[in-house]
Amino acid sequence: MQIEKKKIIVACGGAVATSTVAANSVRALCKGQGLDVEIVQCRVSEIGSHIHGASLIVATSKVSKDYGVPFISGMPFISGVGVVETEKAILDVLKA
Amino acid sequence: MIVEKLALGRIKLGITAATQEEALKTVGQMLIDSGLCKESYLEALVKREKEFPTGLDMGGFGVAIPHTDVTHVNSSGLAMAVLDKPVTFTLMGMDDEFVEVKLICAMAIDNPNQHLDMVEALLHLLRDKSFLNDLAEARSPEDFLSIIRAKENSNAN
């Protein structure tokens with residue numbers, strides 16, 4: 001059976017700065033683990049239009065709506081605090 | 001290197017601002033005056049900050065990294081200001097947690113994919129509280145720049 005490529009949405013307020021940093025960190029994390037993933041970077045307001053088939057949402061701004069997909073805050077990639085725990089949480093979701 | 005994204009004309013020390021909006025306008029105006037941003041940048045910056053706050057608590061030192069849409073930007077760069085008295089910002093990713101901000105680093109980004117290095121380098125720099133304290137005590141923009149240069153050189157070695 002072919003393992004499906006997991007889709008991760010990385011979002012922030014404007015898809016300008018912080019989600020680019022978070023997306024890069026998530027990409028590097030997955031690559032290091034040999035995980036083949038698709039990363040979609042967008043604004044928080046655009047999550048709904050990308051949600052189909054997504055396994056995980058990582059965002060550096062608040063996501064008030066429940067999309068029925070696991071959500072992990074990407075703030076540690078910005079502040080540098082709690083990166084290890086966040087990486088573990090992301091991998092737990094992707095490997096589940 | 002962050003020093004290359006700054007200029008003496010885009011550093012202000014000891015600014016006084018009664019509100020977050022006033023502080024944002026002072027920093028944003030430097031980006032407009034230097035031609036990096038369009039006149040529309042200020043209003044967009046203030047609006048974006050309300051909707052998507054950028055306050056960061058770097059180990060007890062409050063920093064904000066305001067920025068807004070590429071449409072208001074001509075070319076990429078940074079402007080920084082140290083506040084005489086801290087101003088309250090909302091923490092990034094929150095709507096009910098706040099941080100007293102002493103240093104504002106406004107980012108002008110004209111293409112999100114091309115300036116990842118700048119944003120990452122900035123965030124990396126900001127993770128050192130003693131460096132931030134040094135910046136807050138800089139006596140002149142020249143001094144401020146040389147503190148950043150020294151830090152970047154020591155990080156590179």
Side-chain angles (χ1 to χ4, degrees), chain A residues 8-32 38-48 50 56-67 69-87 89-90, chain B residues 5 37 41 44-45 47-73 76 78 90-97 99 105-129 131-132:
Chain A
I8 307 168
I9 296 176
V10 182
C12 70
V16 174
T18 59
S19 61
T20 311
V21 172
N24 196 44
S25 302
V26 174
R27 193 172 291 119
L29 171 71
C30 292
K31 200 177 170 198
E38 177 197 356
I39 294 177
V40 178
Q41 195 193 331
C42 66
R43 293 167 191 252
V44 166
S45 58
E46 297 163 348
I47 291 177
H50 297 288
L56 172 67
I57 299 169
V58 175
T60 55
S61 47
K62 204 177 152 106
V63 176
S64 38
K65 198 173 158 187
D66 183 359
Y67 290 95
V69 167
F71 167 78
I72 294 173
S73 169
M75 274 310 294
F77 297 123
I78 307 304
S79 67
V81 178
V83 174
V84 175
E85 293 83 349
T86 299
E87 288 184 343
I90 289 173
Chain B
K5 293 289 178 185
C37 292
Y41 182 78
L45 193 69
K47 190 166 170 257
R48 170 62 62 84
E49 188 66 32
K50 282 185 188 141
E51 212 176 337
F52 299 106
T54 67
L56 298 170
D57 183 350
M58 295 305 202
F61 190 109
V63 182
I65 52 164
H67 54 278
T68 190
D69 288 335
V70 295
T71 51
H72 307 287
V73 177
S76 80
L78 298 168
T90 307
L91 279 175
M92 192 186 287
M94 303 290 174
D95 53 19
D96 53 0
E97 285 185 44
V99 60
C105 307
M107 303 190 285
I109 295 171
D110 59 350
N111 182 333
N113 299 315
Q114 275 172 21
H115 303 295
L116 179 64
D117 289 355
M118 177 178 91
V119 182
E120 286 193 328
L122 177 66
L123 291 171
H124 187 72
L125 270 189
L126 300 178
R127 286 172 194 164
D128 180 344
K129 194 185 168 189
F131 162 75
L132 292 173

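Labels below follow one simple rule: chain letters A, B, ... track the order of the sequence lines, proteins then strands, and each chain is numbered from 1.
Note: A:Phe77 CZ to B:Glu120 CD = 11.0 Å, rounded to the nearest 0.5 Å. Rounded to the nearest 0.5 angstrom, A:Tyr67 OH and A:His50 NE2 are separated by 10.5 Å.
Considering only heavy-atom pairs separated by less than 4.5 Å from chain B, the leading option among A:Ile78, A:Val63, A:Val44, A:Asn24 is A:Ile78. Of the listed residues (B:Ile109, B:Val63, B:Leu116), the greatest number of heavy-atom pairs within a distance under 4.5 Å of chain A belongs to B:Leu116. Between chain B and the residues A:Ser64, A:Ser73, A:Gly13, A:Ala23, the largest count of heavy-atom pairs under 4.5 Å involves A:Gly13.
Looking at B:Leu91, neither its backbone nor its side chain comes within 4.5 Å of chain A, counting heavy atoms on both sides.
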Run B:Ile65 and B:Leu126 through side chain to side chain contact (heavy atoms under 4.5 Å, CB included) and show every step you take.
CA-CA 10 Å; B:Ile65 52 164; B:Leu126 300 178; 3.9 Å; yes

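Annotation for B:Thr54 and B:Met92: closest pair CA-CE, 3.8 Å, computed over non-hydrogen atoms.
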